[in-house]
2 protein chains.
Amino acid sequence: MQRKRVTSKDVAEKVGVSRTTVSLVLNDVRGIQISSETRQKVVEAAKELGYVPDATAQALASRRTKAIGLVLTRSQHHIATDAFLPKIISGLLTTAKKQNVRILVDWVETEHRESAYFELAHTKRIDGMILSTPRLDDRALKALERVDVPTVLMGNVADLNLPFVDVDNVKAAEKATSYLVELGHRNIACISSAPLEYTATPERVGGYRNALVRAGIPVNEGLIRYADFDPESGYRCMKSLLQGGERFTAVFVASDNVAIGAKFALREANLHIPDDVSLVGFDDIPWAQYSDPPLTTIKLPAESLAQSACTLLLDLIHDDIGNLHQRIILDTELIVRKSCRPV
Amino acid sequence: MQRKRVTSKDVAEKVGVSRTTVSLVLNDVRGIQISSETRQKVVEAAKELGYVPDATAQALASRRTKAIGLVLTRSQHHIATDAFLPKIISGLLTTAKKQNVRILVDWVETEHRESAYFELAHTKRIDGMILSTPRLDDRALKALERVDVPTVLMGNVADLNLPFVDVDNVKAAEKATSYLVELGHRNIACISSAPLEYTATPERVGGYRNALVRAGIPVNEGLIRYADFDPESGYRCMKSLLQGGERFTAVFVASDNVAIGAKFALREANLHIPDDVSLVGFDDIPWAQYSDPPLTTIKLPAESLAQSACTLLLDLIHDDIGNLHQRIILDTELIVRKSCRPV
DNA sequence: GCGCGTTACTAACGCGTTTTAGCAAAAGGA
DNA sequence: TCCTTTTGCTAAAACGCGTTAGTAACGCGC
C-alpha cells in the first residue's frame, strides 16, 4: 500500500504545466493571471490524483506552519484535574478549524521555563502561541516580550506588555460577594481558586475584599484561604476554615472545581447548603447546575475566551505589526441557582 | 529585535567545518567518526550562537515531524464537557515529552470524516495518530487500515485490524454489576455512557447483562437507558427510568460524568443514595470521591491508557513494521465508597 | 511594421535540514 | 615498500514546496 506520494510535480506533469502554475492555482494567489481553462484542469488533476500538499514543505517554503501552540505551564496533576481544559480546547478548535489552523499542545515544565519559551519560539514549529493561566512570578514571561513569536495570554499579567484575553476577575468576584451581602450575610469566607502567584487569585480575592469594604464590613483575614485548583485543595481549605474558629454563614469559592471539595467538607461537618452555609462558586463548570443544591456561580465564558484568544492571535500573526497590545475583556454573569439563602 | 535566525550554516562557519558535520554532531548520529575535539567545538558554538534547529526544515529533510496527532471525532459540545480529556492530554503529554515529541490536537468533523482521515494522513504534519473513542459506524475507520500512517485507537473496534489500547469494558461492567448483585439487589437498572455506536457502550451494557444472567436474574430491557456522555443526558435517562414504572433499587451508570446528572434526577425525585437507590459509576473522575455520598465506581486508568497509547504509537513509528496489531488491555478496579448498600 | 501593454505562463532559486557517496590522510599489516 | 583499513570529515543531492523575476505570444493603435 506504500503507493508513492503525489507531489505537485505529478499534478503539473499530468496537466502539462509547470509546478509554479499548480502552486499558483491551488493557493489561489491573487493578482495573477491564469486562464480559467488551465485553472480547472489543474484543480481536476489534483483531485483525481489525490494530491495533498506536504505540510512540512509548505511550511518551510512559506515560513508559516499554520499551527498555533497552546502552552500549558502547570504540573501534570493540575492538567489532569483541570475541569476547564476541555472548554478551552473546544473553543480553540472551533475558531482554529475555521481558519484552517492546527493546534499544538505543549507543556513547559516548571524547572526550565526560560529556555523552554526561547526554544519554542526559535523552533518555528508554530506561528504563535497562547499561554494559559500565567503566573506572576514567571520571570520567563518577561523574555517573551522580546521574542518575535506572536503571543497572547489567557489571563492578564499587570506589568507585562503582551496582548491578553481575560474576564474582569475583580468585578466578577465583587458581583458574587455582593450578592451574598445583599442576602444579609456579614460573615463571609473566601476560598481562592489558586495560590497567589496566579494572577487571577489576587484579583478575585481583591474583588471579594472590595465588596465587603463597600458594604462597610471589615475584612477578616482569618476567613480567607488559598486553594490550589483541585477539589482536594478545596476540601482542605474548607476544613481549615471550619476548624479556624471564625464563624461564617457564607463562602465565596473562586473556582467551581475547588468548590466540589469544599462542599464535601461542609457535608462531612454535617452542615447543609444553603440552610447552614450559603455558597457561591466561580466558572460554571458542567457539574455546577447538577450539584445538590444547584450551585450559584459566576459564569466564566471559557469557550468564548479561547475563541477570542485564538482570533486575536491569528490577527497578530497576519498583521505582523497591528494591534500589538490589544486587550480583550469578556463579561461574566452571576448565575443564581439554589446554593444561597438570606440569613 | 528581528535579529537574524541562526542556522546550521552559521554554526558550521564559526567552527570552520561543514554543515554536515554540525548535523552529525548535534544529532548524535551513531556509527560515525568525529573527533571529540571537533564535537566539542560544534556543541559550544551552537550554544554560544543560540542555535535552535528549524523544526520544519528538519521535518522535511528527515521525513519525521516529531509530532503525533490526537484526533477527536465528537461534537464541539461533547469535547467541551468531556470530563476525561484533561487526563488523556496529561498522559499523552508526559510520555510524549520524554520522547521529545509534540502533540497536535485535531478535530475531525462528523460530516466529512472519510476525506479528513485521508488528508490527515497525506498532509504528513504528524508521524502518527491516536484516535479516541471510535465509533462502530465510522466507515472511514476502515480506510485507516490501508493508510500508511501509524494509528492506534483508544478503545477497541472489534472487526478492525488496528492496534489499540483499551480496558476490558465487559469485565469492568460485570464487576460493577456483580457488586450490586452481591449486595442483594435484583432490580438493577443501567444507564450507558454513550449511544450504541460507540464501542464502549455495547461492551459495558454487555457486561451488565452478563452479570445479571450469571446471577440468574432475567434482564429487563425496560431498565436500560442510553445516555450521551454529558450530565444532561444522564439526567434525562434517570428521569425516564423513574417515569418508566419499572421498579429498581440500584443503578449501574457506565460513566461518572453521566452519573452527575443521574444523581441530580434522583435527588429531584426525593430519592436518597444509598438508602433508596444504590449507585455505581464508571471512570472515577475527580468529582466521584467528593460526591455526596462518595461514589462507588470503576477506576479507569485514563492517564495510563493515554501513556500506553502514546508509547505504542511511538514504537510503531520507529519499528515501521513490528507489532502491527498489538493490543493492550489495562486493568480496572472497583473503588468501593459509600453510594451502595445492601437491600 | 513598430512600440507597447496585457495575458498566461515558466525557470530557477531559496528554505534549512538530513542523507548519500566519497575522499584524503593516517594507521596498520605483510 | 605497497596495500588495505580506519578515521575524520565534506560536497552535493535530496526533501517538496513557495516565490521572484522574467519571457513568449498576442492584440492593438498608429
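Hydrogens, waters and symmetry mates are skipped; everything else that's a heavy atom, side chains included, is used. Since the model is a prediction, treat every value here as computed from it, not as a measurement. Sequence lines set the chain letters: A, B, ... in the order given, protein chains first and strands last, and positions in each chain run from 1.
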By the 4.0 Å heavy-atom rule, please label B:Val17 as base, sugar-phosphate, or nothing.
sugar-phosphate
Could you write out each protein N or O paired with an N or O of nucleotides 5-7 of chain C at a distance under 3.5 Å?
{"from": "C:dT7", "atom 1": "OP2", "to": "A:Gln33", "atom 2": "NE2", "distance (Å)": "3.4"}

Mind checking whether A:Asp28 and A:Arg39 have side chains closer than 4.5 Å, heavy atoms only?
yes
Under 3.5 Å, is there an N or O donor on one side and an acceptor on the other linking the side chain of A:Ser18 and the base of C:dA11?
no
If you define the side chain from C-beta out and look only at heavy atoms, does anything of B:Leu70 sit under 4.5 Å from B:Leu92?
yes
Under a 4.0 Å threshold between the charged nitrogen and the carboxylate oxygen, would B:Asp106 count as salt-bridged to A:Lys97?
yes
Got B:Ser75 and B:His78 here, is their nearest side-chain heavy-atom distance under 4.5 Å?
yes
Taking any heavy-atom pair under 4.0 Å as a contact, classify A:Ile34: base, sugar-phosphate, or nothing.
sugar-phosphate
With nearest nucleotides of DNA chain D determined for B:Leu24 and B:Ala61 from heavy-atom distances, which residue corresponds to the more 5′ nucleotide?
B:Leu24
May I ask you to verify whether the side chain of B:Arg19 and the base of D:dT10 hold a donor-acceptor pair under 3.5 Å?
no
Ignoring backbone atoms, test whether A:Ser8 places a side-chain nitrogen or oxygen under 4.0 Å from the OP1 or OP2 oxygen of D:dC17.
yes
Within the pair A:Thr7 and D:dG16, is there a side-chain N or O less than 4.0 Å away from OP1 or OP2?
no
For A:Ser35 and A:Thr38, test the side chains for any donor-to-acceptor distance below 3.5 angstrom and give the result as yes or no.
yes
B:Thr56 near the nucleic acid: base, sugar-phosphate alone, or nothing, with a heavy-atom cut-off under 4.0 Å?
nothing
I'd like to know if B:Glu48 and B:Lys14 make a salt bridge, using a cut-off of under 4.0 Å between side-chain N and carboxylate O.
yes
Can the positive tip of A:Arg327 be found less than 6.0 Å from the middle of the six-membered ring of A:Phe164, inside 45° of the ring normal?
no
For C:dT18, does OP1 or OP2 lie under 4.0 Å from any side-chain N or O of B:Ser62?
no
Find the distance B:Arg64:CZ to C:dT18:C1' and express it as a whole number of Å.
13 Å
Does D:dC9 have OP1 or OP2 sitting under 4.0 Å from an N or O in the side chain of B:Ser35?
yes
For DNA chain D, whose closest nucleotide is more 5', that of B:Lys124 or that of B:Thr21?
B:Thr21
For the side chain of A:Thr38 and the base of C:dA8, is some donor closer than 3.5 Å to an acceptor across the two?
no
